[in-house]
Amino acid sequence: MLPPGPAEPPAIQSARWLLRPISFMESCRRRFGEAFSVRFLGFRTPMVMVSDPAAIRELYTERRHGLPPGRGVALLPVVGPRSVLLLEGPEHLARRKLMLPPFHGERMRAYEGTVRDVVERDVAGWPRGEPFAVHPRMQAVTLEIIVRAVFGVTDPVRGERLRALLRGLLDATASFGLQFGFMLARRLGAPDPLEKLRRQRAQIDELLLPEIRERRAQGGGEDILSLLLAARFEDGEPMADQEVCDQLVTLLVAGHETTATALAWTLELLVHHPAALERLDDGSDGPYLKAVISESLRLRPVVPLAGRRLTSELRVDGHVLPAGTDVTPAIWLTHTRADVYPEPFAFRPERWLDGAPSPGYAWVPFGGGVRRCLGAAFAEMEMRVALAATLAAVRLQAAEAAPERVARRNVTFSPARGTRLVAWEA
Ligand code: HEM
């Protein structure tokens, strides 16, 4: 017996999730408590959402659970079949082992200069004294950082073409029409709306494969692509060229929009909390900035769901969920639990300073276990350096008094109006 959930038809539940995800989840929490079952269009079985940190720990520490439903179908044409996001079991673990060292926390210092440089150039072009949306600026910044730090493409012509192709692919994956078309096509057996994505991805491979061959011949290099080419699986074999393409596009898809959105939310929260902003005004990159980032990822988790399909039963809130059930932490609900976070809806970076209890599985913006975000250390470095560089260059104010609503954009929760603010010379 799965936990109870809303009785509305899947089409209505999907629409509520797509249009007002927070009020949908909050109303489920009020009506059904810690765990509830929702039904989305295009999925044959319900999905159980949980928010208790103990249940999340159990879910994430069992390595054998499978991928959540839907991930494969929607992402396959974009990231490709060898992507670390899509593989499971021993094949997935082998990729994690090979790809984790390049993303290790201490290595991230190598990319700080690139991040600072990209951000400083972009901020120099922001309007002064008039409102603008900063989310698109942050998308441009995180795309450029990935092209330089991850792909390491230095040839200007190839770099320009790559940027244009990647932008096209990202725009196509973010489109609401595509997502809705995809849900409908699954239900009605309509023509495949993903064909365009496959063509876009093929063009990217045509550009990347020669780059990879040249790079193998040269050796060296500090960017993530060079490190992946130098890395070996346990049997001593390198990653095949086509697979390297899959992993690069994976890193782009997983790391670009997420980090841009997290930066936009952090700026949104800061401009609506002038005391916190003032503490950071000198662009200092210290413990308070880290606390601001932790609090922002808590209060505005960018990725709302990071689930698994159970391979063995899971006990949650008095229910025994059988193998085969789809279960996901409702990250927003976990992050706003009053028993872990006093005044859970208040933005209080101080809660992360000295003596703060470690929240364990009550803070899961990057998921957990063997599928925990591979780029978490990269993302945190990127946010820290980008925020420090921005605040050193400009003074910021909210363009509007009301805080922005949480809107669902592709797989993320993002600021509905794109974080509108006003910048002044510092
Ligand atoms: C603030 C920014 C980011 C957030 C909030 C975020 C969040 C997440 C989440 C929730 C997952 C799923 C984890 C799970 O299922 O347990 C994930 C997976 C992943 N992320 Fe991130 N991410 C961010 C930035 C990045 C960056 C910058 C990169 C790479 C450059 C990256 C690469 C990946 C990859 C490769 C996976 C798949 C891991 C696997 O399946 O083994 N992410 N991320």
Side-chain angles (χ1 to χ4, degrees), residues 56-57 59-63 65-68 70-72 75 78-80 82-89 91-100 102-105 107-108 111 114-115 138-139 141-143 145-152 223-225 227-228 246-266 293-294 296-309 326-332 334-335 361 363-387 410-414:
I56 296 174
R57 185 196 307 113
L59 178 71
Y60 280 158
T61 47
E62 171 52 80
R63 292 175 149 219
H65 292 324
L67 284 171
R71 183 185 282 190
L75 279 175
V78 182
V79 296
R82 308 304 294 161
S83 164
V84 66
L85 263 174
L86 300 185
L87 291 174
E88 296 187 77
E91 288 198 307
H92 171 251
L93 277 184
R95 268 80 201 159
R96 292 280 300 193
K97 278 202 185 133
L98 186 141
M99 293 173 75
L100 268 170
F103 282 101
H104 190 269
R107 279 219 77 269
M108 292 304 120
Y111 306 116
T114 305
V115 175
M138 289 300 158
Q139 289 171 317
V141 161
T142 59
L143 176 60
I145 290 169
I146 290 186
V147 168
R148 292 212 215 163
V150 176
F151 291 64
D223 52 88
I224 302 269
L225 167 58
L227 299 175
L228 288 182
D246 284 4
Q247 308 306 4
L248 287 177
V249 175
T250 299
L251 295 172
L252 169 79
V253 168
H256 154 77
E257 181 69 27
T258 43
T259 314
T261 306
L263 280 165
W265 273 128
T266 311
I293 291 169
S294 301
S296 166
L297 290 171
R298 177 189 75 82
L299 196 55
R300 294 290 182 270
V302 170
V303 178
L305 309 174
R308 307 283 185 265
R309 175 164 284 176
D326 297 318
V327 183
T328 181
I331 296 177
W332 169 280
T334 305
H335 285 187
Y361 287 86
W363 191 81
V364 284
F366 296 111
V370 283
R371 302 210 83 103
R372 183 175 189 269
C373 176
L374 210 108
F378 191 97
E380 284 179 308
M381 173 279 296
E382 198 177 346
M383 290 182 72
R384 197 169 44 69
V385 177
L387 289 165
N410 200 7
V411 295
T412 61
F413 276 0
S414 98

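In listed order, ligands and their atoms are each counted from 1.
- The residue among Pro68, Ser296, Ala254 with a heavy atom at the shortest distance from atom 33 (C) of ligand 1 is Ala254.
- Every atom of ligand 1 with a heavy atom of Val303 under 4.0 Å away is listed here by number and element: 7 (C), 10 (C).
- The heavy-atom pair separating Trp363 from Ser294 by the smallest distance is NE1-O, 3.1 Å.
- For ligand 1, the atoms closer than 4.0 angstrom to any heavy atom of Ala262 are 1 (C).
- The shortest heavy-atom contact between Phe413 and Trp265 is O-NE1, 2.9 Å.
- Numbered from 1 in the order shown, with element, the atoms of ligand 1 that lie under 4.0 Å from a heavy atom of Thr259 read 2 (C), 24 (C), 27 (C).
- Under a 4.0 Å criterion applied to the non-hydrogen atoms of Gly368, ligand 1 contributes the atoms 16 (O).
- Thr258 OG1, 3.5 Å is the protein heavy atom nearest to atom 23 (C) of ligand 1.
- Not a single donor-acceptor pair under 3.5 Å links the side chain of Thr266 to the backbone N or O of Ile293.
- Looking from atom 36 (C) of ligand 1 to the surrounding protein, the closest heavy atom is Leu374 N, 4.0 Å.
- Residue-level proximity to ligand 1 for Met99 is absent, since no heavy atom of it falls below 4.0 angstrom.
- Classification of Glu62 and Arg308 as a salt-bridged pair fails, no side-chain N sitting under 4.0 Å from a carboxylate O.
- The main-chain N or O of Leu85 is found under 3.5 Å from a side-chain atom of Ser83 such that the two form a donor-acceptor pair.
- For Arg371 (side chain) and Gly367 (main-chain N/O), no donor-acceptor pair under 3.5 Å exists by modelled atom type.
- The aromatic rings of Tyr111 and Phe378 lie tilted to each other, with the angle between the two planes from 30° to 60°.
- Using a 4.5 Å heavy-atom threshold, the side chains of Val79 and Leu86 count as touching.
- For atom 30 (C) of ligand 1, the closest heavy atom belonging to the protein is Phe103 CE2, 3.8 Å.
- The nearest protein atom to atom 6 (C) of ligand 1, hydrogens excluded, is given as Phe366 CD2, 3.6 Å; this is a heavy-atom distance.
- In this structure, Gln247 contributes its side chain and Val84 its backbone to a donor-acceptor pair below 3.5 Å.
- Contact between Pro329 and Ala306 at its shortest, heavy atoms only, is CD-O, 3.4 Å.
- For ligand 1, the atoms closer than 4.0 angstrom to any heavy atom of Pro365 are 5 (C), 7 (C), 10 (C).
- Ligand 1 lies nowhere less than 4.0 angstrom from a heavy atom belonging to Gln247.
- Taking any N or O of Glu382, backbone or side chain, none lies under 3.5 Å from an N or O belonging to ligand 1.
- Side-chain atoms of His92 do not come within 3.5 Å of backbone N or O of Leu87 as any donor-acceptor pair.
- At distances below 3.5 Å, at least one donor-acceptor pair connects side-chain atoms of Asp246 with backbone N or O atoms of Arg82.
- When hydrogens are left out, the protein atom nearest atom 26 (C) of ligand 1 is Gly255 CA, 3.3 Å; that is the closest non-hydrogen contact.
- Every atom of ligand 1 with a heavy atom of His92 under 4.0 Å away is listed here by number and element: 39 (C), 40 (O), 41 (O).
- The Gly367 neighbourhood of ligand 1 comprises atoms 10 (C), 13 (C), 14 (C), 16 (O), with distances under 4.0 Å to a heavy atom of that residue.
- Checked against a 3.5 angstrom limit, the closest N/O atoms of Arg308 and ligand 1 fall inside it.
- In terms of heavy-atom proximity, Glu257 sits nearest to Gln139 at OE1-NE2, 2.9 Å.
- Looking only at protein heavy atoms, the nearest one to atom 38 (C) of ligand 1 is Arg96 NH1, 3.4 Å.
- Looking from atom 42 (N) of ligand 1 to the surrounding protein, the closest heavy atom is Cys373 SG, 3.0 Å.
- In terms of protein heavy atoms, atom 13 (C) of ligand 1 is closest to Arg371 O, 3.1 Å.
- With ligand atoms numbered from 1 in the order given, ligand 1 contributes 14 (C), 15 (O) to contacts under 4.0 Å with heavy atoms of Ala306.
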